[in-house]
Number of protein chains: 2
Amino acid sequence: MPSKLFVSAQEVAERAGVSRSAVSRTFTPGASVSADTRRRVLEAAEALGYHVNHLARGLMRNESGIVCLIVSDVATPYRSALLRELTIQLQNAGKVAMFVNTDRSDGSVDRALQQAIRYRADASIILSGLPDKSITQLCLRSGQRLVLINRDDDQPGPLKINLDDYESGGRIATAFVRAGCKTLAFANSEAGTPSLMGRERGFIAAATKLGLEVVVERYGSTGYEAGRVLAQRMLTRAERPDGVFCATDLLACGFMDAARHQFGLSIPDQLCVAGFDDIEQASWSSFNLTTFAQPVMAIATQAVKWLASGGHEDEPDQAHSVRLKAELIWRGSIRKG
Amino acid sequence: MPSKLFVSAQEVAERAGVSRSAVSRTFTPGASVSADTRRRVLEAAEALGYHVNHLARGLMRNESGIVCLIVSDVATPYRSALLRELTIQLQNAGKVAMFVNTDRSDGSVDRALQQAIRYRADASIILSGLPDKSITQLCLRSGQRLVLINRDDDQPGPLKINLDDYESGGRIATAFVRAGCKTLAFANSEAGTPSLMGRERGFIAAATKLGLEVVVERYGSTGYEAGRVLAQRMLTRAERPDGVFCATDLLACGFMDAARHQFGLSIPDQLCVAGFDDIEQASWSSFNLTTFAQPVMAIATQAVKWLASGGHEDEPDQAHSVRLKAELIWRGSIRKG
DNA sequence: GGCACTGTTGCAAGCGCGTGCAAAACGAAC
DNA sequence: GTTCGTTTTGCACGCGCTTGCAACAGTGCC
């Protein structure tokens, strides 16, 4: 493959009749070039199809312009929505996104971060998994910024963006009670990530305060199939729940489908359901699901803003943490109170 | 941000008491290093947290290891599924994925390709949009490989991966007839991409051959909402269709939801529906949609294989094209014949 | 014409790495 | 110990770029 056919600044310089530095300066914002030489350089560059080699530029500037996105479960609606927003905003900020999928194999977040280091990424944004502390340290030591989204970690250095999961659990418990629900349940996956557990704890705490017990069941991943299984487990109980908070929308979709098509239940008349994420499918009329919206845009904005600002390198040992609010999107899966 | 804290081969060499070349060779497969020095280098590297700078390596080798993925509508189920598979397979092939989102703004595919050129990507895979011929030429001239997925283009050079859209249209028409449908319809978007139009033409041709007319309606994008609108338009016709082929699964989901919840129709008793893509939601019991599966894995395999093989540079003017079969996934949205 | 000042330009060094080449080290065979 | 053949090693150059520095115009003013 090594076919050295990319045109270099040297060739442009020769064609334009200027020095190589002049070419470089033409493509460096704020450098000192006369209008005349700039024009000649641009003409020559256009004619030859020249594009600055960002690998070499990154080498000199010690700033590659690359931001590494570390993700698993990309095919999941919430993840892909967040990914979309992040990439758009990164591009607007003049960065370029490098994508590392950690779906397969173990220790993969660490390996992903090593990949980021090898390409001298300016920063890494971690959407899934939690890196080993040693790797995190190495990243920070190398001047690489780190953003953790919905991964509640206590290491200093990275920016941590989280939601008010606990409070959300409380708000939805109130809604169930207002709707007249008597038996509440929380449908969770076995993943046990802090955000999921936060929703669970908040829901239980609030329900207890309101004088109701909560049945908790955990199974599998956070997907549709797990939701079906959870429905089968919960809806066959002696005391059947009539208000179920599902930890994610995908779980809720599976839960609702099983409740309707296998148990013949009518939603919201016989069963109230709520979810979390506000994926696109939640608004489809088959589900019409009341849920909490992930503030996808705000998350991306916060992350990119922090990166663009250089990540507050003046105070590197500070604990940087942002808490965003998940807004309740009221649809038709809970009776009006 | 230029904090030059990444550890370099020089430092490793000093610590290990060898020359810099020895370090370089240690990390170059197949280079000549004695077992002893290799060990010392690896120890020093480990201790210092050294990682080869792939920017510099790419500069030397004229091969960055970067593959650029050019995508729009990432948040769409089919796209994100394909993206997932591509990134996994690229990583397995030792490549790293650079992600360019072309959702916003115009001329964006061309700009994306320029980005790829700037980072000296070894190849670009285009999932959406069609680049200008001049840019394509520049890419190829620079030794960059190009893969077009589901974009039926006639330029020589790039690898083109397409499906048997036309034939699929034919197969599903037969199924509708077997199910006893009398009035067929094709629900399409206004996007007008070759793959969508291929399905339409194939469906119409086959239906005509079978002695049935096809009502065609086109509206909006290929999403859920457009499907709803198409249902409203079609199901209010004097002669209501009873067999509808939707160009994508998302359209089908919207169509089915509107048909059921707004028109009170029962599927498949009163209305048969088919889709295309086999997104995850198609298998959900709310839809249980008969559809054609995009051979996502095969697509990714073909693309990566072609890239790994160096893209047949010996015969650059050859027209490289692959046609894959979309398999019919039979579920419950069409009556059995 | 001489001067100081502002604005451009070229030179050359260096970013971190790979690699050809020749020197050095090693080992075996005499 | 000498010779020859085989690794192994270090040197030095170059990949394409940025940038400090010094040389170079150009301008306005005395």
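So that the names make sense, note that chain A is the first sequence line, chain B the second, and so on, each numbered from 1. All of these numbers come straight from a predicted model, not from anything done at the bench.
Partners of A:Q89 according to the side-chain contact (heavy atoms from CB on, under 4.5 Å) rule, which considers only residues two or more places apart in sequence or in another chain, are A:E85, A:M297, A:A300, A:T301, A:V304. By the ring pair (Phe, Tyr, Trp, His ring centres under 6.0 Å) test, A:F99 pairs with B:F99, sequence neighbours left out. Taking the ring pair (Phe, Tyr, Trp, His ring centres under 6.0 Å) definition, one finds that B:H54 meets it with A:Y119, sequence neighbours left out. Under the ring pair (Phe, Tyr, Trp, His ring centres under 6.0 Å) criterion, A:F27 pairs with A:Y50, not counting sequence neighbours. Remark: B:R84 pairs with A:D103 by the salt bridge (Lys or Arg N to Asp or Glu O under 4.0 Å) rule, at least two apart or across chains. Judged as a side chain to side chain donor-acceptor pair (under 3.5 Å), and not counting sequence neighbours, B:T28 has no contacts.
The stretch residues 34-52 of chain A comes close to DNA chain D through A:Y50, A:V52, each having a heavy atom under 4.0 Å from the strand.
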Between the protein and nucleotides 10-12 of chain C, list the N/O to N/O atom pairs that are separated by less than 3.5 angstrom.
from: C:dG10; atom 1: OP2; to: A:S19; atom 2: N; distance (Å): 3.0
from: C:dG10; atom 1: OP2; to: A:S19; atom 2: OG; distance (Å): 2.9
from: C:dG10; atom 1: N7; to: A:R25; atom 2: NH2; distance (Å): 2.8
from: C:dG10; atom 1: O6; to: A:R25; atom 2: NH2; distance (Å): 2.7
from: C:dC11; atom 1: N4; to: A:S21; atom 2: OG; distance (Å): 3.2

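Regarding A:R118, its CZ atom lies at a distance of 18 Å from the P atom of C:dG16, rounded to whole Å. What separates CD of A:E11 from P of D:dG16 is a distance of 8 Å, to the nearest Å. With rounding to whole Å, A:N53 atom CG is found 14 Å from C:dG16 atom C1'. With rounding to whole Å, B:L55 atom CG is found 11 Å from C:dG16 atom P. In this structure, the CD atom of B:Q10 is 9 Å from the P atom of C:dC15, given to the nearest Å. Rounded to whole angstrom, the span from the CD atom of A:E63 across to the P atom of D:dT19 amounts to 10 Å. To the nearest angstrom, P of C:dG16 lies 8 Å from CZ of A:R120. Put simply, CZ on B:F27 is 16 Å from P on C:dG16, counting in whole angstrom units.
Proximity of A:R57 to the phosphate of D:dT18: a side-chain N or O atom is located under 4.0 Å from OP1 or OP2.
Residue-level contact check: B:S8 touches the backbone only, with heavy atoms under 4.0 Å from sugar-phosphate atoms and none from bases. Within the nucleic acid shown, A:V33 comes within 4.0 Å of sugar-phosphate atoms alone, with no base atom in reach, counting heavy atoms only.
Evaluated for a side-chain contact (heavy atoms from CB on, under 4.5 Å) with A:N53, the options B:I117, B:L55, B:L59 yield exactly one hit, B:L59. Each of A:R61, A:K95, A:R145 was evaluated against A:D122; a single residue qualifies, A:K95, per the salt bridge (charged side-chain N to carboxylate O under 4.0 Å, His left out) test.
Mapping A:V23 and B:M60 onto DNA chain D by nearest heavy atom places B:M60 closer to the 5' end of the strand.
Pairs passing the salt bridge (Lys or Arg N to Asp or Glu O under 4.0 Å) check and including a residue from residues 66-79 of chain B, sequence neighbours excluded, do not occur. Sorted by first and then second residue, the pairs that involve residues 39-49 of chain A and meet side chain to side chain donor-acceptor pair (under 3.5 Å), not counting sequence neighbours, are A:D36-A:R39, A:R39-A:E43.
End-to-end axis angle of the helix from C:dG1-D:dC30 to C:dC30-D:dG1, using five pairs per end and rounding to 10°, comes to 50°.
Here C:dT8 is the nucleotide among D:dC17, C:dT8, D:dT8 with the atom lying nearest to any side-chain atom of A:S32. When distances are taken from the side chain of B:S24 to each of D:dG16, D:dT7, C:dG18, the shortest belongs to C:dG18.
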Please table the atom pairs, donor to acceptor, closer than 3.5 Å between any side-chain atom in residues 15-26 of chain A and protein atoms at least two apart or in another chain.
from: A:S19; atom 1: OG; to: A:S21; atom 2: N; distance (Å): 3.4
from: A:S19; atom 1: OG; to: A:A22; atom 2: N; distance (Å): 3.4
from: A:T26; atom 1: OG1; to: A:A22; atom 2: O; distance (Å): 2.8

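Annotation: the span from A:N150 atom CG to A:I126 atom CD1 amounts to 13.0 Å, rounded to 0.5 Å.
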